[in-house]
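Here is the structure we will look at, set down as structure tokens.
What you are looking at is a predicted structure, and each value in this text was computed from that prediction instead of being measured.
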Amino acid sequence: MPLSGEAIRLMNYIDDVAVTLRRVLATIPTLTDEERARVAQHLLHASPNADDVAKALAAKSSAEILPSPRRQARTPCLKR
């Protein structure tokens, strides 16, 4: 069965996220220990994350897709 344009667009977004994460991985060795810790905390508190999206894709109804309240707090970005 052929995919809809929307499904293909979403797959392209996922590819873009993967490219971004590869860039993050390539840059990690240049960070100080403090910067690594701050970036790690920021990543852990990012919402939605890949697990949230995977759960939404597996959900059978739109009511199950609503974001969970556990990740609403955001950490402040690093200031230059």
(message) Tell me every residue that passes side-chain contact (heavy atoms from CB on, under 4.5 Å) with S4, counting only those two or more places apart in sequence or in another chain.
(response) E6, A7

(message) Minimum heavy-atom separation for T30 and E35, please, with both atom names.
(response) O-OE1, 4.5 Å

(request) List, by chain and then residue number, the residues other than L25 in its hydrophobic cluster (Ile/Leu/Val/Met/Phe/Trp/Tyr, side-chain heavy atoms under 4.5 Å); write none if there are no others. (result) V24, I28

(request) State which residues pass side-chain contact (heavy atoms from CB on, under 4.5 Å) with L21; sequence neighbours excluded, sorted by chain then number. (result) V17

(message) For the CG atom of L3 and the CZ atom of R9, what is their distance to the nearest 0.5 Å?
(response) 12.5 Å

(request) List for me each residue that meets salt bridge (charged side-chain N to carboxylate O under 4.0 Å, His left out) alongside E34, sequence neighbours excluded, and say none if there are none. (result) none

(message) Running the 4.5 Å side-chain criterion over Ile, Leu, Val, Met, Phe, Trp and Tyr, what cluster does I14 land in, apart from itself?
(response) none

(message) Does anything in residues 12-26 form a side-chain hydrogen bond (donor to acceptor under 3.5 Å, both in side chains)? List the pairs, not counting sequence neighbours.
(response) none

